[in-house]
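Take a look at the structure set out below.
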Amino acid sequence: MTEAAYRNDFLKEVEAHVEAGHEVKRCMQCGVCAGSCPFGPYWQHSPQKIFMMIRAGKREAVLSSDAMWMCTSCYNCIARCPRKLPITHIMHGLANYAHRLGLAPKGQPTRDFAVMFWQNLARRGRVNELKLTLGHYFKDGIGAGIKQGLAMKAVGLGLYKAKRLNPLEIFGGHKVADLSGFHAIVAKAREIEDRKRGLAS
Amino acid sequence: MTGNIATNSTLLVVGGGISGMTAALEAAECGKEVVLVEKLPTLGGRTAHLYRYFPKMCHPTCGLEINLRRLKGNRRVRVLTMTEVVAVDGERGDYRVTLKIAPRYVKDNCTACGDCAEAISSEIANVYEYGLARTKAAYLPHVMAYPQRYVLDPSIIGTAEAEQAKAACKVGAIDLGMAEETVQLNVGSVIWATGWRPYDAARIQPYGYGRYRNVITSLEFERLADPRGPTGGKLLRPSDGREAKNIAFIQCAGSRDENHLRHCSRICCMASLKQTQYVGEAYPDGSGKSTIYYIDIRAIDRFEDFYQNVQADPGVSFIKSKVASIVEDKDGNPVLHGVDTEGYHRYATTHDLVVLAVGMEPEANSIRLPDSILTDSSGFIENSADGGMFGAGAAASPLDVNRAVQSATAAALRAIQVIHKTAATESTA
Amino acid sequence: MAKKNIAFYPGCSSQRKSSAANYLTSARAMCEKLDITMNEIPDWNCCGASVGYAEGGELPRLAITARNFALAEQHLPGQDMVSTCAACWLATRETQERLAASPQLMQETNEALAAANLVYQGQVKVRHMVEVLIEDIGYEALKTPVVKPLQGIKFAGYVGCQTNRPFGIAGESFENPLYLDKLIEIAGGEAVPYDQKVTCCGGALAFSEPDKAQRQIRQIVESAYDPGAAMIVTPCPLCQANGEVYQSEINKKQNTRFNMPVLYYAQLLAVAYGATAAEAGLDGQVIRAARLENIAA
Amino acid sequence: MSEMKTAAYICTGCGIGDKIDAGTLEKIAAKEGKMALVKRHEFLCGAAGVQMIRDDIDQEGVTHVMLAGCSRRAKSEAFDFPATATTRANLREGVLWVVAEGGEHDEIRQEMADDYVRMACAELKKMKVPAGNPATANNKRILVVGGGFSGMTAALAAADAGYQAVIVEKSGQLGGWAARTWKRVPAAMPYAEPQETGVAELIDRIVSHPKISVHLNATVAETRGAPGRFAVDVATESGAAHSEEVGAIIQASGFTPYDIARLPELGGGAPNVVDHAGLEALAIAADGGAIKRSDGAEVKSVVFVQCAGQRDDSGAHLPYCSGHCCATSIKQAMYFKNANPDVDTVVIYQDLRVPGMGEDFYRSAQNKGVIFTKGKATAVKAAGNGLRVDFRDLILDEDAAVEADLVVLATGQVANSGVDIELPDEDPAKAQKVSILNLAYRQGKDLPILKHGFNDSHFICFPYETRRTGIYASGPVRRPMDMQQAGEDAVGAALKAIQAVENASLGRAAHPRSGDLSFPNVRLEGCTQCKRCTVECPFGAIDEDEKRFPVFNESRCRRCGTCMGACPVRVISFENYNVDTVGSQIKCLDMPDEFSEKPRILILACENDAYPALDMAGLQRHVYSAFVRAIPVRCLGSVNMVWITDALNSGWDGIMLMGCKKGDDYQCHFVKGSEMAHYRMSKVDDTLQQLGLENERVVTHEVAITDNARCARLINDYVAQIMAIGLSPMKGFG
C-alpha cells in the first residue's frame, strides 16, 4: 500500500496528460463498457476498472495494463455509456500516454502495429498497405516474418489476384505530393502536443 | 357540469391519478371547491395498473377504493374525465382555463351493465393491460374505473358496430353524435398532477425491447402478476406462453443515463425488489429465480428492511452490473451479456424473461404546459413564475406513491394559500 | 435528378490496387448513374484511422485531417466532404466536431497547418456517401435508375461499427440500423434478418490480434449463413476486407467451409443500375460473387 | 327530525327484472319489510327514477329509503339524498351477476334477492340519520412542537393559509439542525452546488408573522382534549407554565444524530473523526475558507464513510438507511473542493443513494474531483498526525487503505419520538426517554411508534394517517429525511392539521370515513367498566373517568366501531350503524329448514376491501353460491360477538368473516380492527361448543381487494364444506 492510494495525484496526471483524461472522474462504475467490448474476454482490466484504478492511484498497474491495447475502436462503449464518457478516446489516450512513457507492455502486438501504422502513413502521407503488412509480419525478425508471410500467402495472393494488392508498392506507391508540407504539419502538431502534455519530444 | 362551475376560489387539479385525487380530496376536505380533470376516461392513473405496492405488498386498488369513496361522498369535487387543459390565461388567483373534453359517446346515465360490449365484436388493444390483452371497442376501462361508465372507442364511430352498441343499450346512454367540447373555467390556482409515463423502452436499444418478445417492462410485469390481469396472475412469457421461472430484472432501464433520462427514477429498485416477491409467490415450491442487475440499490430509509429481506431470499440474487446487451437465443430466451463489476466477472446468462425496470418520464413532457411553468432538465415541474400553479406528485419529481401523496397534500395547501390570499386581498380592496 | 457535386475523400484503402479499390470503382459507377460528380480533394492525405492513436497522439491526428479540410475548403469550396470509407468518415467527422467544440484545439491545429501555409476555417461539412444517398437523393429516388433488380438474392446487411457508432446515420439506431437493409431492397435483393449486423470484425486488430479478430469474423460469417444469406453487404472497407479475406484462414484453422462473398452496397446498386461486372468492381472480389456477375453480364 | 317514513324502490334495470321477480320483492318489502311506500322502476338511476324518489322525499315525507338494485358502490352520484337514511339491497353485483345462469338456479336466485330485500328493510328501520355534533370543538389554532426546519415550515404554511400557529421549541432559538448547517443540498436546477439554507430568512418570517407565536425554552407538559379542543400546558425553562388552546398538533420534534461514540471501530470519539453535524460546525467556522481540524491544521484530505452505524444487520446499530446521507456527504465534500480543489476527498459508499435529480448533484461532485469508491470501511485508526481508513474496495476486490487528515462518519438520524407507549413501563430503554407530547390519553403519552423509533404512518396511500387523530408527525421524527423532503412533509402536515380543525368544528369524522357525521353513543348505565373499548380503540379516542367509565372523545374517533365490537354488553352504538342495524338483518331471514339442502351462509365483509372485492367478483361475473348473504361492516373490528351467536341461534349454517390483512404489514384501514376480530374469533370455539356446533361453522379470512376470483372460490369451497358437515341443527330455535 503506497501513500498515494486514493489520492488525486495520478488522476490529475491523467487529466493533464491524457486525451480526454479529465472525463475519467465521471465514471460511476456501472460496467456497461466492460460488457460491451468485443475483446472484453481477453483483457486484464475493463475500462471501468481502469478508471477506478486511476482514482485509486494505481499508476503502474494502469500504464502497464494491456487493456488499452485491446481496443478495436468499435465505439460500443461510447454508444452505451450512461455518463457519455468518451471511453474509446480515453483508452486511446491512455495507450498513447503509456506508450510515450515507455511503460506500455513490451512487444504488445497492437502497440507495435500501431506504431508501424503511424510511421507508415507519416512517411508518405498515405498508407502503404504492402509495407505495413510486411512490416508487421517481420516485426519479430526475418524468420518469423517469412513464416507469417507464408501462412498468409493465400490471403495476399487472393488480394493480388483481385487487384487489391500491389507488389510494386514495395518500391514506393501512393504518396502526398506536398510531402514536406505534410511532414511540417505533423512535426509542428507533435511539438505543440508534447509541450502541452509536458512530454519530451 | 359544463356551465359556469368555477370561480377564482376554485382549485383546478390536472390529472386524476393518485396525486391528483389526493390533492383534490385533501383540498375539498378542507372545504374548498375543486375541479379535477383527467385526460383518460377513468380516474386512478398509473397506480391503478399496479398489482402490489412496496414495501407492504398491499394493493394499490385498496387505496383507490378509499379515495373513490371519499370522492363519491364529497360534493365539492367535480370530476371531468377525457378532458385536457388546452390553455391557461390570467394570473395567480385569477386564471382562465380552457378545457377540451373529448367525446365518450356514453352519457352519465350509463349503468355499466355491459350490454353494449356484448353487442359488438370489434376489439382494440387494452390500454389498462398495456396492450397485453385486447378489449371490446365498447369497454369499461377496468373493474375499478370511475366514473363507472363505458366508453366507445372512436375507431368504431360511424360504423355499424357503433349502431349495434347503441341499439343494445336499454337506457339510451349511447350518444353517437357526441362531439368534442371546449369549456372555460375561472380558477384561483392550478395543481399539475400530470404524473409520469414509462420511458419508451424501445429506445434502450441494447435490450431489444420490441425486438425480443421476452423482454418486457416492469409495468407489463405488474399486469402479468395480477390475478385480474391478462394471464390470471401466471407469469407467462409473451413469446410462447411458457411459465417464466428464471427472471432477470434490469435496473436503470432509461434512468441515470444521459442518453435517456438524466435522473434516477427512485422507485425502480424497490419495484424490482417487490417484483422478485411476485416470482416467489407464483412458484411456492421455490422454483422461481430472480436476478437483479443493478448499479446501486436505492432502497431508501425504511425500505432498507425490505431490501434486507429480499437479500435473504434464496430465490433472489444480485449482480452489480449495468447489463451491456441482450441477445435472443434460438428458443427465444434472452441472453444477458455484461460484467459483474464487484471484482470482475463476465457473464452471458440465459433467462426465461427479462423485466426492464423502466424509468419515469414526466407526462408533462408530452403536453403543453403554460409558459410560466418552470421545469427541470428532465421536465419535472419546479414551480410557476407567478407562484399560483404547483406541481404535485410524480409531475414534480420521480417519487414513490407515499411521497407523491405527501407532495400532493403539500400542493393542496399551497393552492389553498393562493386562494385565501386572493380572497383576503379582494376583501380589503 | 439534380446534379450534385461533392468533395470526395477516397482514403488510402480505396486507391488503385489497394485493398478497397473495388469500393471506389463501384462508387464511381453508382454515382455516375445518380448524377453525382465526385471531385477528389487534391493531394489529400491519410486520415490517421483509429489505430493511429498510439504513436500519433491527439493533435497530430487532428492536424493531418485538418489538412484535408483546408485543401477541400481551398479547392472545392462549398462542397460537402464525402467519404466512402467508414474509418475516414469517422476520423474526419470526429476531427470536425472536436475542432468546432474547442477553440483551443482549433487554434493549435491551425498553428500546425501554418507550417504548410494552410488554414482551416471551420467550414467543412463532413458526410458519408450513404448520407448523401439517403438524405440528398432519398430512398424513393434511389429506386429510379434500377434496371436489373437483384431478385432472389438474399443478403446479410453487415453494418459493422464505424458508420454506426458513435455517430451513426441520422435516424438510425446503434443496435439495429436499417438503412443498409433498405439499400439492399432498393437494389432488388432480399435483406435477411441478421443478428450480427453491428458486431465488430476486430478492425485493425485483425493484423495484430488475428486469432481474436478471426473469432469475431467467424461469428459474423456464420450468422450470415444461418438465415440463408448468399452474400454479405457492408459499407466499410475494413469490414469488407476482414470479412472476406480471412475466410480461407478460418477454413484452414477451424475446418469451416466459408465461401461467402462480401460486397459493398455500392456494388449492389451499381449492378442494379446496369453497370458491368467490371464497373461494379466485381472483379475485385477475392471470393467471387458469381450470381451478381451473372446479373451484371 | 320528522317522523320516520320508509320507502322501498325496486329497480328492474340491467336485467334484474328478467331474472328476478320484482313482484315478490315488492310483496316482501311491503309485508315483511313493512315499508310504507313500495315502488318499482325499470331504470331507477335514470333521471325519472331519481326524480320519483326525490318527489317522495319532498312531497310524501319519506325519510328512509331502501334501494334494491345495484351495489352501494355504484351510481352513488345519482342516489344522493342528503339527510335521508339510505340503504341498498345489492341485487345486481350481489345476486344477478354472481348466481349461475340457468333455470335450475331461478329459485335460489330469487331467494337470495328476497333475503337481501328483507335485510335492507330490516336495517333501514333501525337507522337514524346522523346529524353530527358541530360546534363542540371549534378551536382552529395549530400547535407546532419543534422549531426546527420542519416545525417552522409547518407553522408558516398554516399561517400563510390564514390559521394561527403556535410553536413550542425546547431550545433557546429557532432553527434546529438546519441553523447549524452551513449550506443545504440543492433543491432546484441545476442541482450542482450546495445552496444557502434560507434558515435565517425563515426565522425572520416566523418572528414577524402576525399569526405565529413562539415559545422558546419550552416543552409540552401535558396535552388534553381532542381535535378542535386541545388544551396544551406549555412549560418554560423558567418554571412558568401556561395553557394553550389549540385545534390540532404537528409534532416536528426532529432527530438526534446517531452517537458516533458507539462506533469506536470507525474512530467514533477519536480526534479528527466527526459526524455530519461536526463537519457542518467546521464548515460554518471556515465560512467558505479552508476547513480546519480542531488542532488548527488545514484539512488536505478527507474521507467520508457512508452508512456508518446504519444499514446494520447485526443488531448493534441502526438497521435502516437515513436516506439523506449520500447527498449530505456529497455536499460536504464540495465544501472542501470549492474551498480548495486540491483537497483529496474520498467517499466510501456501499450503494450511492441520490434519487431524482440528486443524480446531477452526484455528477457535479464527480466533476469537481470527488472520488467515489464502492467499499465497506472496516476500521479507522490513528496514523501519524492523521487517520487511516481500512476498507474493502468492492470494485477492485481487494483490501485497501486510505489516509486522511479528517474522517467524516455518515451516521443516521434517530427520531425524537418520545416514549414508546407499547413498551412495558419497566423497560429501561424507555426510562431514558422523555415524552414529547405528554398526552393525557388512556393509551399513553406519545404517538405510537411504527418502526425503528419513527412516528410514521403505515399507510402508503395515506401517509398522514397516524393513530392519534388531529396529531401529525412531520419531518425526521416520522421517517429519516433531508430538508427538501422535510419541507414538503411539513406543508402536507399543515394541511392535514387544518383539515382536522375544520372537520372537528363540523363534527365530521377524519379519514378514512371522512365526512361521516355519525358518532359513538354509549349507554353508560349498562357499562360494566370492563375497559375493553378503551384498551382496544386503535386511535386512543376513549379515556376513562375517575369512576373508570369510558369517556368518548368524539373528534378523536374515526368511527370504525372497534369499541362497538369490543363491548360485551352492547352499550356502544352509532346512529346508522349499531348492534341492531346488523343484528336485525341477521335475524330477519326466511330460514329454510334443516332438511332443505339450502344452507344459509352469513358473510360479514369489511366495507373497505372485502365487500368491494365481492362486488368486483360480480362485475367480472365470477359465479359463487346463492346460499350466501353478505353484510358490509365498517371494519371487522366492529363485529360484535352477539352477531355471531345470534346468527348461530337463528340457524345460519356458517359464518364467514372477511377482513383486511393483519400483522406487521396490516392493511386494515383502522390499524387494529382486523387483528381484534381475528383475536375475538379465535375464542369463538367455546361458544360453538356450548351450542354443540362444529368449529368450521365460523371462519375468518383475510381478503384483499384484488381477491375477486378468490372470494368466489372461498365461498364455493366453504359452502361445499358446510354441505359436507351438514346443515345447522339450530334452525327453528331462533
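Residue numbering restarts at 1 for every chain, and letters A, B, ... go by the order of the sequence lines. What's counted below: heavy atoms across the whole structure, side chains too, no hydrogens, waters or symmetry copies.
When each of B:Met144, B:Lys170, B:Arg414, B:Met360 is scored by its heavy-atom pairs under 4.5 Å with chain D, the top score falls to B:Arg414. Between chain D and the options B:Thr409, B:Ile267, B:Leu261, B:Asp296, heavy-atom pairs under 4.5 Å are most frequent for B:Asp296. With chain D as partner, the option from B:Ile66, B:Thr47, B:Ile300 having the largest number of non-hydrogen pairs under 4.5 angstrom is B:Ile66. For chain D, the option among B:Arg403, B:Arg298, B:Met57 with the highest count of heavy-atom pairs below 4.5 Å is B:Arg298. Counting heavy-atom pairs closer than 4.5 Å to chain D, the top-ranked of the candidates B:Arg69, B:Arg228, B:His59, B:Arg302 is B:Arg228. For the set B:Thr111, B:Ile18, B:Leu71, the count of heavy-atom pairs under 4.5 angstrom toward chain D peaks at B:Thr111.
Contact annotation for B:Leu25: only backbone heavy atoms (N, CA, C, O) come within less than 4.5 Å of a heavy atom of chain D. Using a 4.5 Å cut-off between heavy atoms, B:Cys110 contacts chain D through its backbone alone, with no side-chain atom that close. Both the backbone and the side chain of B:Glu342 come within less than 4.5 Å of a heavy atom of chain D. No part of D:Tyr611 comes within reach of chain B, as not one of its non-hydrogen atoms sits under 4.5 angstrom from that chain. Proximity to chain D involves both the backbone and the side chain of B:Ile297, based on heavy atoms less than 4.5 angstrom apart. Contacts between D:Asp609 and chain B at a heavy-atom distance below 4.5 Å involve the side chain alone, from C-beta outward. Of the two parts of B:Glu304, only the side chain, counted from C-beta on, holds a non-hydrogen atom closer than 4.5 Å to a non-hydrogen atom of chain D. Only the side chain of D:Cys45 comes within less than 4.5 Å of a heavy atom of chain B; its backbone N, CA, C and O stay farther away. Contact annotation for D:Leu318: neither backbone nor side-chain heavy atoms come within less than 4.5 Å of a heavy atom of chain B. Interface remark: D:Glu359 contributes side-chain atoms only to the contact with chain B (heavy atom separation under 4.5 Å). Contacts between D:Glu488 and chain B at a heavy-atom distance below 4.5 Å involve backbone atoms as well as side-chain atoms. With a threshold of 4.5 angstrom between heavy atoms, D:Asp615 does not approach chain B through any atom at all. Contacts between B:Asp108 and chain D at a heavy-atom distance below 4.5 Å involve the backbone alone (N, CA, C, O). If you measure heavy-atom distances from D:Phe459 to chain B, the contacts under 4.5 Å come from both the backbone and the side chain. In this structure, the portions of D:Val354 lying under 4.5 Å from any heavy atom of chain B include both its backbone and its side chain. Heavy-atom distances place no part of B:Arg149 under 4.5 Å from chain D, backbone and side chain included. For a residue to count as touching a neighbouring chain, one of its non-hydrogen atoms must lie under 4.5 Å from one of that chain's; by this rule D:Asp80 touches chain B with the side chain only. For D:Pro476, no part lies under 4.5 angstrom from a heavy atom of chain B. With a threshold of 4.5 angstrom between heavy atoms, D:His511 approaches chain B through side-chain atoms but not through N, CA, C or O. Neither the backbone nor the side chain of B:Tyr344 comes within contact range of chain D, judged by heavy atoms closer than 4.5 Å. With a threshold of 4.5 angstrom between heavy atoms, B:Ala299 approaches chain D through its backbone and through its side chain. Contacts of D:Thr706 with chain B are made by both backbone and side-chain atoms, with heavy-atom separations under 4.5 Å. Proximity to chain D is limited to the side chain of B:Glu382, based on heavy atoms less than 4.5 angstrom apart. The contact between D:Ile460 and chain B is made by backbone and side chain atoms together, counting heavy-atom distances below 4.5 Å. Interface remark: B:Pro147 contributes no atoms to any contact with chain D (heavy atom separation under 4.5 Å). Heavy atoms of B:Asp305 lying under 4.5 Å from chain D belong exclusively to its side chain.
Under 4.0 Å is where a charged nitrogen must lie from a carboxylate oxygen, and between B:Arg262 and B:Asp376 no such pair does. Between D:Asp489 and D:Arg478, at least one side-chain N (NZ, or NE/NH1/NH2) sits under 4.0 Å from a carboxylate O, which counts as a salt bridge. A salt bridge links B:Glu26 and D:Lys496; the closest N-O separation between the charged side-chain nitrogens and carboxylate oxygens is under 4.0 Å. The existence of a salt bridge linking D:Lys451 and D:Asp456 is excluded, since no basic side-chain nitrogen approaches an acidic carboxylate oxygen closer than 4.0 Å. Under the 4.0 Å criterion applied to side-chain N and carboxylate O atoms, B:Glu65 and B:Arg70 are not assigned as salt-bridge partners. Using a cut-off of 4.0 Å between Lys/Arg side-chain N and Asp/Glu carboxylate O, B:Arg52 and B:Asp226 are scored as not salt-bridged. Ion pairing between a basic and an acidic side chain is recognised when a charged N comes within 4.0 Å of a carboxylate O; D:Asp707 and D:Arg713 show no such pairing.
In this structure, SG on D:Cys321 lies 4.5 Å from CZ on D:Arg353, to the nearest 0.5 angstrom. To the nearest 0.5 Å, the span separating OG on D:Ser322 from CG on B:Asp301 amounts to 8.5 Å.
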Requested in this report: Output, in order, the C-alpha distance, side-chain angles, deciding distance and verdict of salt bridge (Lys or Arg N to Asp or Glu O under 4.0 Å) for D:Glu398 and D:Arg392.
Outcome: CA-CA 6 Å; D:Glu398 62 187 19; D:Arg392 179 82 190 166; over 6 Å; no
Report task. Might you work through the ring pair (Phe, Tyr, Trp, His ring centres under 6.0 Å) test for B:His263 and B:Phe380, ending with a clear yes or no? Result -> CA-CA 10 Å; B:His263 60 271; B:Phe380 292 105; 4.8 Å; yes
Query - Criterion side chain to side chain contact (heavy atoms under 4.5 Å, CB included) on D:Asp516 and D:Arg508, from CA distance to verdict - result: CA-CA 5 Å; D:Asp516 187 352; D:Arg508 289 194 311 211; over 6 Å; no
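Side-chain atoms of D:Arg634 and D:Asn608 form no donor-acceptor pair, as typed in the model, at a separation below 3.5 Å.
Both tests do not hold together for B:Arg256 against D:Tyr362: distance to the six-membered ring centre under 6.0 Å, angle to the ring axis within 45°.
Of all heavy-atom pairs spanning B:Cys30 and D:Glu502, the tightest one is O-CG, 4.2 Å. Between D:His669 and B:Cys62, the shortest heavy-atom distance links the atoms NE2-SG, 3.1 Å.
Shown are B:Phe306, B:Phe303, B:Tyr278; of these, the ring pair (Phe, Tyr, Trp, His ring centres under 6.0 Å) with B:Phe54 is made only by B:Phe303.
A search for side chain to side chain contact (heavy atoms under 4.5 Å, CB included) contacts involving D:His622 returns D:Ala617, D:Gln620, D:Asn708, D:Ala709, D:Ala712, not counting sequence neighbours. Legend: residues meeting salt bridge (Lys or Arg N to Asp or Glu O under 4.0 Å) with D:Arg72, ordered by chain and number and at least two apart, are D:Glu607. Residues forming a salt bridge (Lys or Arg N to Asp or Glu O under 4.0 Å) with D:Arg363 (at least two apart in sequence, or on another chain): B:Glu258, D:Asp360.
Residues D:Met357 and B:Ser378 form a side-chain contact, since some pair of their non-hydrogen atoms from C-beta on lies under 4.5 Å apart.
Residue-level contacts of residues 390-401 of chain B with chain D, in order of numbering, are B:Pro398, B:Val401; threshold 4.5 Å between heavy atoms.
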